[in-house]
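Below you'll find the structure, written out as C-alpha coordinates, and then a few comments.
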Amino acid sequence: YHLSMLGPVASLAVFLSYFAAAEDKNPANRRLVHQGTERDALYAIDISQNRILAAGSGSGLLSSYDSGENWKNEILTDMEFTVFGLAQAGDLTMLVGQEGAVRSRKQTSDPWFVIDTGINERLLNVDVSESGLAVVVGGFGSLAVSEDFGGSWSIIETDWQAVLDD
(Lines give C-alpha, C1' and ligand atoms only; values in the text may rest on other atoms or scores of the structure.)
Protein backbone atom coordinates (compact mmCIF):
# COMPACT_ATOMS: atom_id res chain seq x y z
CA TYR A 1 0.00 0.00 0.00
CA HIS A 2 1.03 3.61 -0.40
CA LEU A 3 1.12 6.24 2.34
CA SER A 4 2.22 9.75 1.62
CA MET A 5 2.42 13.27 3.04
CA LEU A 6 2.81 12.29 6.66
CA GLY A 7 2.87 16.02 7.13
CA PRO A 8 5.17 18.68 8.33
CA VAL A 9 4.44 17.76 11.92
CA ALA A 10 6.04 14.37 11.48
CA SER A 11 9.05 15.46 13.46
CA LEU A 12 11.05 12.54 14.65
CA ALA A 13 11.40 10.20 16.65
CA VAL A 14 9.87 8.38 13.73
CA PHE A 15 8.62 5.06 14.81
CA LEU A 16 9.48 3.10 11.72
CA SER A 17 9.35 0.16 14.06
CA TYR A 18 5.70 -0.14 13.09
CA PHE A 19 6.88 -1.69 9.85
CA ALA A 20 9.45 -3.90 11.52
CA ALA A 21 6.72 -5.35 13.69
CA ALA A 22 3.87 -5.20 11.18
CA GLU A 23 3.17 -8.89 11.56
CA ASP A 24 3.14 -8.59 15.34
CA LYS A 25 0.03 -6.65 16.39
CA ASN A 26 1.25 -6.19 19.99
CA PRO A 27 2.56 -2.57 20.34
CA ALA A 28 4.83 -3.67 23.21
CA ASN A 29 6.86 -5.71 20.71
CA ARG A 30 7.62 -2.73 18.45
CA ARG A 31 11.01 -1.10 18.72
CA LEU A 32 12.51 2.17 17.61
CA VAL A 33 14.72 1.56 14.57
CA HIS A 34 15.51 5.14 13.55
CA GLN A 35 15.46 8.40 15.41
CA GLY A 36 16.17 11.78 13.91
CA THR A 37 16.34 15.26 15.29
CA GLU A 38 13.51 17.64 15.98
CA ARG A 39 14.23 19.36 12.64
CA ASP A 40 13.92 16.14 10.64
CA ALA A 41 10.63 15.38 8.98
CA LEU A 42 9.39 12.54 6.84
CA TYR A 43 6.84 13.50 4.22
CA ALA A 44 6.65 10.33 2.14
CA ILE A 45 6.77 6.60 2.61
CA ASP A 46 6.20 3.79 0.14
CA ILE A 47 5.97 0.07 0.80
CA SER A 48 6.36 -2.54 -1.91
CA GLN A 49 6.47 -6.10 -0.65
CA ASN A 50 9.39 -6.18 1.82
CA ARG A 51 10.99 -2.95 0.50
CA ILE A 52 10.20 0.24 2.44
CA LEU A 53 11.40 3.71 1.45
CA ALA A 54 10.89 6.92 3.45
CA ALA A 55 12.09 10.45 2.65
CA GLY A 56 11.61 14.08 3.54
CA SER A 57 13.81 16.91 4.67
CA GLY A 58 17.50 16.48 5.27
CA SER A 59 18.36 15.01 1.84
CA GLY A 60 18.19 11.45 3.10
CA LEU A 61 16.39 8.35 1.87
CA LEU A 62 15.70 5.74 4.52
CA SER A 63 15.42 2.26 3.07
CA SER A 64 14.75 -1.23 4.32
CA TYR A 65 14.81 -4.34 2.17
CA ASP A 66 13.67 -6.75 4.90
CA SER A 67 10.25 -5.37 5.94
CA GLY A 68 11.77 -2.83 8.33
CA GLU A 69 14.06 -5.07 10.32
CA ASN A 70 17.19 -3.18 9.20
CA TRP A 71 17.47 0.37 7.86
CA LYS A 72 20.00 2.31 5.80
CA ASN A 73 20.13 6.09 5.44
CA GLU A 74 21.29 7.01 1.94
CA ILE A 75 22.45 10.60 1.62
CA LEU A 76 20.97 12.02 -1.58
CA THR A 77 23.95 13.91 -2.96
CA ASP A 78 23.27 16.61 -5.55
CA MET A 79 19.66 16.87 -4.34
CA GLU A 80 19.20 20.09 -2.49
CA PHE A 81 15.44 19.85 -2.14
CA THR A 82 12.98 18.35 0.29
CA VAL A 83 11.36 15.15 -0.96
CA PHE A 84 7.57 15.39 -0.60
CA GLY A 85 6.57 12.25 -2.49
CA LEU A 86 8.07 8.99 -3.64
CA ALA A 87 6.95 5.86 -5.40
CA GLN A 88 8.43 2.58 -6.50
CA ALA A 89 7.46 0.11 -9.19
CA GLY A 90 9.62 -2.97 -9.39
CA ASP A 91 13.20 -1.70 -9.16
CA LEU A 92 12.29 1.83 -10.31
CA THR A 93 12.12 4.61 -7.71
CA MET A 94 10.85 8.17 -8.32
CA LEU A 95 11.17 11.14 -5.94
CA VAL A 96 9.43 14.53 -6.22
CA GLY A 97 9.88 17.79 -4.35
CA GLN A 98 10.36 21.53 -4.43
CA GLU A 99 10.41 23.61 -7.62
CA GLY A 100 9.17 20.73 -9.76
CA ALA A 101 12.09 18.49 -8.84
CA VAL A 102 11.80 14.87 -10.03
CA ARG A 103 14.51 12.23 -9.75
CA SER A 104 14.42 8.63 -10.90
CA ARG A 105 16.63 5.56 -10.87
CA LYS A 106 16.13 1.99 -12.01
CA GLN A 107 18.33 0.14 -9.50
CA THR A 108 19.58 1.14 -6.07
CA SER A 109 23.14 1.15 -7.43
CA ASP A 110 22.24 3.47 -10.35
CA PRO A 111 22.75 7.24 -10.23
CA TRP A 112 19.69 9.46 -9.88
CA PHE A 113 18.47 11.00 -13.15
CA VAL A 114 16.91 14.45 -13.35
CA ILE A 115 13.48 14.36 -14.98
CA ASP A 116 11.83 17.46 -16.43
CA THR A 117 8.04 17.35 -16.24
CA GLY A 118 7.60 20.94 -17.36
CA ILE A 119 6.19 21.87 -13.94
CA ASN A 120 8.05 24.40 -11.81
CA GLU A 121 5.67 24.32 -8.85
CA ARG A 122 6.31 22.27 -5.72
CA LEU A 123 5.46 18.63 -6.45
CA LEU A 124 3.72 16.93 -3.55
CA ASN A 125 3.31 13.36 -4.70
CA VAL A 126 4.07 10.83 -7.40
CA ASP A 127 2.90 7.37 -8.28
CA VAL A 128 4.23 5.02 -10.92
CA SER A 129 3.03 1.64 -12.13
CA GLU A 130 5.07 -1.28 -13.41
CA SER A 131 3.58 -0.64 -16.87
CA GLY A 132 5.20 2.82 -16.95
CA LEU A 133 2.26 5.06 -16.09
CA ALA A 134 3.45 7.84 -13.79
CA VAL A 135 1.50 10.76 -12.33
CA VAL A 136 2.81 13.78 -10.41
CA VAL A 137 0.67 16.28 -8.53
CA GLY A 138 1.69 19.54 -6.97
CA GLY A 139 1.01 23.07 -5.91
CA PHE A 140 -1.65 25.21 -7.58
CA GLY A 141 -3.31 22.16 -9.13
CA SER A 142 -0.22 21.03 -11.04
CA LEU A 143 -0.72 17.65 -12.67
CA ALA A 144 1.37 15.76 -15.23
CA VAL A 145 1.17 12.24 -16.66
CA SER A 146 3.81 10.03 -18.26
CA GLU A 147 3.28 6.70 -19.98
CA ASP A 148 6.96 5.81 -20.35
CA PHE A 149 8.37 5.75 -16.80
CA GLY A 150 8.89 9.53 -16.81
CA GLY A 151 10.64 9.80 -20.18
CA SER A 152 8.08 12.29 -21.48
CA TRP A 153 5.25 14.15 -19.73
CA SER A 154 1.90 15.67 -20.63
CA ILE A 155 0.75 18.51 -18.41
CA ILE A 156 -2.93 18.30 -17.60
CA GLU A 157 -4.40 21.81 -17.54
CA THR A 158 -7.19 22.57 -15.11
CA ASP A 159 -9.98 24.92 -16.17
CA TRP A 160 -10.19 26.77 -12.86
CA GLN A 161 -13.07 28.96 -14.07
CA ALA A 162 -15.21 25.87 -14.60
CA VAL A 163 -14.14 24.37 -11.26
CA LEU A 164 -14.63 27.54 -9.20
CA ASP A 165 -17.66 28.95 -11.05
CA ASP A 166 -20.60 27.32 -9.30
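What you are looking at is a predicted structure, and each value in this text was computed from that prediction instead of being measured.
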Suppose we screen for side-chain contact (heavy atoms from CB on, under 4.5 Å). Which residues come up paired with [X], at least two apart in sequence or across chains?
X: Ser109; result: Gln107
X: Arg122; result: Phe84, Gln98, Leu124
X: Ser152; result: Asp148
X: Glu99; result: none

Which heavy atom in [X] sits nearest to a heavy atom in [Y], and how many Å separate them?
X: Leu92; Y: Ser104; result: CD1-OG, 3.2 Å
X: Ser146; Y: Gly151; result: OG-N, 3.8 Å
X: Val128; Y: Ala134; result: CG2-CB, 3.9 Å

Spacing of [atom1] belonging to [X] relative to [atom2] belonging to [Y], to within rounding of 0.5 Å:
X: Ser142; Y: Ile155; atom1: OG; atom2: CD1; value: 8.0 Å
X: Leu133; Y: Glu147; atom1: CG; atom2: CD; value: 6.5 Å
X: Leu143; Y: Asn125; atom1: CG; atom2: CG; value: 11.5 Å
X: Trp71; Y: Tyr65; atom1: CH2; atom2: OH; value: 10.0 Å
X: Asp91; Y: Glu130; atom1: CG; atom2: CD; value: 9.0 Å
X: Thr117; Y: Leu123; atom1: OG1; atom2: CG; value: 5.5 Å

Inset, instruction - Sort out for me which residue in Thr108, Leu53, Asn73 forms a side-chain contact (heavy atoms from CB on, under 4.5 Å) with Leu61. - result: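 One option only clears the test, and that one is Leu53.
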Legend entry - Val135, Asp116, Ile115, Ile119 screened by side-chain contact (heavy atoms from CB on, under 4.5 Å) with Trp153, the one that passes: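 Among Val135, Asp116, Ile115, Ile119, the one that satisfies the side-chain contact (heavy atoms from CB on, under 4.5 Å) with Trp153 is Ile115.
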Legend entry - Connected hydrophobic set around Val114, excluding itself, where side chains approach under 4.5 Å: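 Members other than Val114 - counting any ILVMFWY side chain reachable under 4.5 Å - there are none.
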Inset, instruction - Taking Gln88 for its side chain and Asp46 for its backbone only, find out whether a donor-acceptor pair lies under 3.5 Å. - result: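 Yes, the answer is positive, given that a donor and an acceptor are paired below the 3.5 Å cut-off.
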Inset, instruction - Evaluate the side-chain contact (heavy atoms from CB on, under 4.5 Å) criterion for residues Tyr43 and Val83: first the C-alpha distance (whole Å), next the side-chain angles of each, then the deciding distance (0.1 Å), finally the verdict. - result: CA-CA 7 Å; Tyr43 297 111; Val83 175; over 6 Å; no
Inset, instruction - Is it possible for you to say whether Val137 and Val96 belong to one hydrophobic cluster, with membership spreading through side-chain heavy-atom contacts below 4.5 Å? - result: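 In one cluster: no.
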Inset, instruction - Consider only side-chain heavy atoms of I, L, V, M, F, W and Y, link residues closer than 4.5 Å, and tell whether Phe149 and Val136 are in one cluster. - result: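 Same cluster: Phe149 reaches Val136 through Ile, Leu, Val, Met, Phe, Trp or Tyr contacts under 4.5 Å.
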Legend entry - Donor on one side chain, acceptor on other, Asp66 and Ser64, under 3.5 Å: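 There is such a pair between these side chains.
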Legend entry - Heavy-atom side-chain contact between Met94 and Val102 under 4.5 Å: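 SC-SC contact between Met94 and Val102 confirmed.
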Legend entry - With Thr93 via side-chain hydrogen bond (donor to acceptor under 3.5 Å, both in side chains) - residues at least two apart: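 Partners of Thr93 under the side-chain hydrogen bond (donor to acceptor under 3.5 Å, both in side chains) test: Arg51.
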